[in-house]
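Written out below as structure tokens is the structure these notes cover.
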Number of protein chains: 2
Amino acid sequence: MKPTVHDIARLAGVSLATVDRVLNGRPGVRGVTREKVERAIGSLGYVRDLAAANLAKGRTYRFTFILPCNDNSFMIGLKREVEAAMERSSVERTRIDIATVPAFDADALVRKLEHFLIEGPDGVAFVAIDEPRVRSAAERLVEAGIAVVTLVSDLSASSRQHYAGIDNIAAGRTAANLMGRFLSKVDGRVGVLAGSMMVRDHRERLEGFLSVLSEDFPQVAILPVMEARDDAAVTEALVREALRRHVGLNGIYSLGAGNRGLIRALREVPPGKRPVVIAHELTASTRQALLDGTIDAVLNQDAGHEVRSAIRVLKAKADGLPVLAAQERIRIDIFLKDNLP
Amino acid sequence: MKPTVHDIARLAGVSLATVDRVLNGRPGVRGVTREKVERAIGSLGYVRDLAAANLAKGRTYRFTFILPCNDNSFMIGLKREVEAAMERSSVERTRIDIATVPAFDADALVRKLEHFLIEGPDGVAFVAIDEPRVRSAAERLVEAGIAVVTLVSDLSASSRQHYAGIDNIAAGRTAANLMGRFLSKVDGRVGVLAGSMMVRDHRERLEGFLSVLSEDFPQVAILPVMEARDDAAVTEALVREALRRHVGLNGIYSLGAGNRGLIRALREVPPGKRPVVIAHELTASTRQALLDGTIDAVLNQDAGHEVRSAIRVLKAKADGLPVLAAQERIRIDIFLKDNLP
DNA sequence: CTGAAAGCGCTTACAG
DNA sequence: CTGAAAGCGCTTACAG
């Protein structure tokens, strides 16, 4: 039988209340008493039953997700996953709230973070904007004992406790590897389509992509990056223009959102003449484009996994428990038309 | 406040014991009484607190993993993941045991399954051999109220409750897609290396591989399948022989284990002349081969995910709870040298 | 600084 | 067929 608080109390010759004080590091216990109890705990190999403790405390975990009110499919899907988690949460003594902020607005994000510093949930997960004042707001939350997890886009490591998202440099490198190999003409020209170089995930994907292309496929020429602000109409115009001007455009890497515009522009090109296309995020439109051959490969991050992982990590942090790194690593999915889920 | 058994008892005008009987479908309650209680449960929107119930029952879940005593890296890794889960399990009111059986031995597997039919754990996870007597043994376990999950290699759907493993047909299709695209010579010749056509996962990978190659890359010739029984020495000999005889061998798909032998044979070929190689399972040796360019892509199933998923599903089944399909889907990882974890 | 008692939400003998 | 009481492992006022 696993030892319980009763066993500790008996062995140490104290009451349950005192055992509890020591176990939870609460004040008001003499040094000698504390030591007696700690010795008993050690010799019994006691591990506390968290479920019983939470039952007694009537504890419910409160976590908040701060999401940008962006209308692209990925962010919509992310929000839906958080909502699905909210529905399941009541069963698990967890309460999840969603707060939204304008996209790409660091000030608004900082204000929200400061708001939750006051409100004091057990943990906060948010899509980061990697700026100093955001970092410092995150640090203040951590100092206040609130668990902080970045979601999808990271802050520099020091200022949060965990990042639930993919390694975007590796994603860009992977895209380059596939692009280099898929290009039948070894001396191809490749265009890169980005949302904004202001966001860290886009910057990192570009960085990874460029470094592998130049290392392993030096014969491939890279055109100037097109910044389309994740907007479908802008994307469409840019791609159409690029296809027109660069007759030998053999490849396109779309590292941001706004793929609907990309796909529309590509559909105007005769099938035999289409470039190799690698894009990010599996959505209804990229899935369809994979199936009909408009897009060759899609790199994806699973929003559901990211959300569930963020919650598991927030809970572990709230309990002071270690996280299982291998379980919480968010993987880069590579989808071809043959392994679609 | 969430309603509790006390609320039900008060509203229905009965005792806690009676509420409990109804809640757990135990006999010995008059129809009228039962209905009163059920009406109260419904109108209150009661959902039971599983943690509290398990605490009161002193319940601990008992799950058994039946693993083949195979010495390939993948199976060794799988076992290690189960052992890691065993160590964590005491905290979670779960007890996990490992039983081993000789590899590829259906009789031994059936005997083990029958053994656990008697012993009666809450759930059993096992690496299946897809034969009728195995299926019927699995069915008897399910009928006895024991949760049954297949791991890594499946049984036909009817006879188990869940499969924790990848879609092997999709894996083979994905390998073919990559192979077809990576082959620079469109009229290449491709060799296939399998463990044994007796196991379902190998058969399915081959099936998927062949169908995509013939659909999408009809110009690629496929040599007769080499069965190497997942043995490194046999594999090495077969590959060396194939490379010697088929001077124009441009690609190899290794769909089983025994990749160490494959890699040894490949290393004898001058780098510029090596075929495109796609293999399964990320191990120390395939990882190294990816990095030095001996292997071009590795399809992988994450043994840790499979084990954790199997446990979550066994627990859900034991509690009569639904499983989150999206969470439990085991994905096919595609590793290139640029996205290694 | 320390302890006795009640309680979290559920289940389980036991008595009737 | 039904209920009162004790208990699972822990925590929390409250009293001293």
Side-chain angles (χ1 to χ4, degrees), chain A residues 1-41 44-61 90-95 122 318-321, chain B residues 1-41 44-61 90-95 122 318-321:
Chain A
M1 282 273 85
K2 284 178 53 180
T4 72
V5 281
H6 290 95
D7 301 314
I8 301 173
R10 200 178 315 121
L11 187 58
V14 299
S15 73
L16 287 180
T18 298
V19 172
D20 189 68
R21 288 185 191 104
V22 174
L23 238 26
N24 292 288
R26 273 191 280 271
V29 185
R30 262 193 310 166
V32 247
T33 316
R34 180 175 300 278
E35 270 172 33
K36 269 195 305 189
V37 174
E38 272 161 357
R39 231 173 298 127
I41 292 173
L44 288 170
Y46 171 82
V47 294
R48 81 118 77 36
D49 182 329
L50 238 181
N54 283 343
L55 174 61
K57 277 197 281 219
R59 156 150 218 185
T60 111
Y61 301 84
S90 64
V91 193
E92 299 154 11
R93 308 190 148 270
T94 306
R95 169 151 170 218
D122 295 299
D319 290 332
L321 259 36
Chain B
M1 281 273 84
K2 283 178 54 180
T4 72
V5 281
H6 290 95
D7 301 313
I8 301 174
R10 200 178 314 121
L11 186 58
V14 299
S15 74
L16 288 180
T18 298
V19 172
D20 188 69
R21 288 186 190 102
V22 173
L23 238 26
N24 292 288
R26 275 189 280 269
V29 184
R30 264 193 308 166
V32 246
T33 316
R34 182 175 297 278
E35 270 171 34
K36 270 195 302 185
V37 174
E38 271 160 0
R39 231 173 298 129
I41 292 174
L44 288 169
Y46 172 83
V47 295
R48 83 125 66 43
D49 182 330
L50 238 180
N54 284 343
L55 174 60
K57 278 198 281 219
R59 158 150 216 187
T60 111
Y61 301 84
S90 63
V91 192
E92 300 155 11
R93 306 192 149 271
T94 305
R95 171 155 164 210
D122 295 298
D319 290 332
L321 258 36

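Any value given below was found using the heavy atoms of this structure, including those in side chains, with hydrogens, waters and symmetry copies removed. Note on naming: letters A, B, ... go to the chains in the order of the sequence lines (proteins, then strands), and numbering restarts at 1 for each one.
- Both A:Ala56 and B:Leu23 lie close to DNA chain C; mapped to their nearest nucleotides by heavy-atom distance, the more 5′-ward contact belongs to A:Ala56.
- We find that CG of B:Asn54 is positioned 15 Å from C1' of C:dC8, with the value rounded to whole Å.
- Contact between the side-chain N/O atoms of B:Arg30 and the OP1/OP2 oxygens of D:dT2 is found at a separation under 4.0 Å.
- Between A:Asn24 and D:dT11 there is a side-chain polar atom (N or O) within less than 4.0 angstrom of OP1 or OP2.
- Between the side chain of A:Asp7 and the main chain of A:Thr4, a donor-acceptor pair closer than 3.5 Å is present.
- Computed from coordinates, the B:Leu55 CG to C:dT11 P distance equals 11 Å when rounded to whole Å.
- As a whole-Å value, the separation of B:Leu16 CG from C:dG9 P is 12 Å.
- Across all strands shown, D:dA13 remains unpaired; no Watson-Crick or G-U wobble contact has both distances below 3.5 Å.
- B:Asn24 places a side-chain N or O within 3.5 Å of a backbone atom of B:Asp20 that can act as its donor or acceptor partner.
- Using a 4.0 Å heavy-atom criterion, one finds that B:Gly28 contacts the bases of the nucleic acid, with or without backbone contacts as well.
- In this model, the phosphate group of D:dT11 is approached by a side-chain N or O of A:Arg48 to a distance below 4.0 Å at OP1 or OP2.
- Per the geometry, NE2 belonging to B:His6 stands 7 Å off P belonging to C:dC8, to the nearest Å.
- No hydrogens or angles were tested; on distance alone, nothing pairs the side chain of A:Arg93 with the base of C:dG9 as donor and acceptor under 3.5 Å.
- For the pair A:Lys2 NZ and D:dC10 C1', the computed distance is 12 Å after rounding to whole Å.
- Rounded to a whole Å, the CG atom of B:Asp7 is 13 Å from the C1' atom of C:dC8.
- Side-chain contact between B:Leu321 and B:Leu50: present, with at least one pair of heavy atoms (C-beta onward) separated by less than 4.5 Å.
- Residue B:Arg26 places at least one side-chain N or O closer than 4.0 Å to OP1 or OP2 of C:dT12.
- Regarding contacts with the backbone of C:dG3, a side-chain N or O of A:Ser15 is found under 4.0 angstrom from either OP1 or OP2.
- Taking atom OH of residue A:Tyr46 and atom C1' of nucleotide D:dG9, one finds them 7 Å apart after rounding to whole Å.
- Taking the centre and axis of the six-membered ring of B:Tyr61, the NZ or CZ atom of B:Arg59 falls inside the cone set by 45° and 6.0 Å.
- Taking a pair to require two hydrogen-bonding distances under 3.5 Å in either a Watson-Crick or a G-U wobble arrangement, C:dA4 remains unpaired.
- Residue contacts shown for B:Val19 are absent, as no nucleic acid heavy atom lies under 4.0 Å away.
- In this structure, B:Asp20 reaches the bases: a heavy-atom distance under 4.0 Å links it to at least one base atom across the strands shown.
- Separating the CZ atom of A:Arg21 from the P atom of C:dG3 is a distance of 8 Å, rounded to the nearest angstrom.
- Phosphate contact (OP1/OP2 of D:dC1, side-chain N/O of B:Thr33, threshold under 4.0 Å): absent.
- For A:Lys57, whose side chain is taken as the heavy atoms from C-beta onward, the closest listed nucleotide among C:dG3, D:dC10, D:dT12 is D:dT12.
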